[in-house]
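Step one of this worksheet: look at the structure below.
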Amino acid sequence: MVNDFYLDVFKIVKLIPKGKVTSYGLIAKCLGSPQSSRMVGYAMNYSHQFDPSIPAHRVLNRNGCLTGKHHFPTETMMQDLLEAEGHIIENNCIKNLDKVLWNPAEAIEII
DNA sequence: TTGCTGACGAACA
DNA sequence: ATGTTCGCCAGCA
């Protein structure tokens, strides 16, 4: 089943602009549950069956590391997708995180 | 049913 | 600076 928390997570992730990334914790915080960041990751795990178009590769952990790449069809897919959007990945972590980090808070207002 | 695990993150020691 | 613990809670054995 899918609860509102999941739906909100999906909404936000789908709103992430191309060329930007965000973090699980940031999303959780914007949803009013700063300590439920694990659930955001869990939601991502479920996202592919809910809506395959969800850009889960744009969601990283707070350090900008590709912690979830093992959940993609291939381990290189997540990195490839990010690089295709202009990001630079090094040692499983994104570079210039400060410049590409997107704040989900601005999406909350839209929703 | 209970207990463990996990795409996280913050607080402690 | 590094390692451990805890909160969160949905799945799974």
Side-chain angles (χ1 to χ4, degrees):
Chain A
M1 263 318 289
V2 190
N3 48 33
D4 293 339
F5 186 83
Y6 278 43
L7 293 177
D8 286 339
V9 171
F10 297 149
K11 275 187 207 169
I12 292 177
V13 173
K14 291 181 75 169
L15 287 174
I16 300 175
K18 182 179 179 181
K20 295 284 185 176
V21 299
T22 193
S23 77
Y24 304 98
L26 227 43
I27 294 174
K29 189 171 184 175
C30 288
L31 292 181
S33 302
Q35 291 160 316
S36 298
S37 49
R38 302 186 80 148
M39 294 304 98
V40 178
Y42 217 98
M44 288 300 97
N45 193 21
Y46 185 82
S47 68
H48 68 97
Q49 43 182 312
F50 175 80
D51 186 345
S53 68
I54 293 176
H57 61 279
R58 293 181 186 152
V59 187
L60 314 173
N61 73 0
R62 75 174 187 95
N63 293 319
C65 296
L66 283 57
T67 53
K69 70 173 189 176
H70 290 300
H71 296 265
F72 282 79
T74 65
E75 293 196 4
T76 56
M77 185 183 210
M78 188 174 187
Q79 178 170 338
D80 289 342
L81 288 171
L82 288 170
E83 288 178 339
E85 295 182 0
H87 300 299
I88 302 173
I89 311 301
E90 189 170 280
N91 195 24
N92 281 341
C93 295
I94 199 168
K95 296 197 81 171
N96 303 322
L97 180 61
D98 298 349
K99 298 176 184 174
V100 299
L101 186 60
W102 177 74
N103 185 359
E106 59 188 68
I108 293 291
E109 301 176 6
I110 302 174
I111 299 174

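So you know, we letter chains A, B, ... as the sequences are listed, proteins then strands, and number each from 1.
Taking D80(A) as the reference, nothing meets the side chain to side chain donor-acceptor pair (under 3.5 Å) condition, with sequence neighbours excluded.
Below 30°, between 30° and 60°, or above 60°: for F50(A) and F10(A) the angle between ring planes is below 30°, a parallel geometry.
Note on S33(A): nothing from the nucleic acid sits closer than 4.0 angstrom, heavy atoms only. Across all strands, S36(A) comes closer than 4.0 Å only to sugar-phosphate atoms, never to a base (heavy-atom distances). When heavy atoms are screened at a 4.0 angstrom cut-off, R38(A) is found touching base atoms of the nucleic acid. Among the atoms of the strands shown, base atoms are found under 4.0 Å from some heavy atom of F72(A).
Atom pair Y24(A):OH and dA7(B):P shows a separation of 9 Å (rounding to whole Å applied).
Closest to the side chain of Y42(A), out of dA10(C), dA7(B), dC8(C), is dA10(C). For M39(A), counting side-chain heavy atoms from C-beta on, the closest listed nucleotide (dG7(C), dA7(B), dC9(C)) is dC9(C). Each of dA10(C), dA7(B), dG9(B) was ranked by its minimum atom distance to the side chain of H71(A); first place goes to dA7(B).
Contact record, K69(A) with E75(A): CD-O, 3.5 Å, taken as the closest heavy-atom pair.
Using atom C1' as the reference point in both dC4(B) and dC6(C), the two lie 15 Å apart (nearest Å). Nucleotides dG6(B) and dT4(C) have their P atoms positioned 16 Å apart, rounded to a whole Å.
Counting heavy atoms from C-beta on, the side chains of L60(A) and L82(A) come closer than 4.5 Å.
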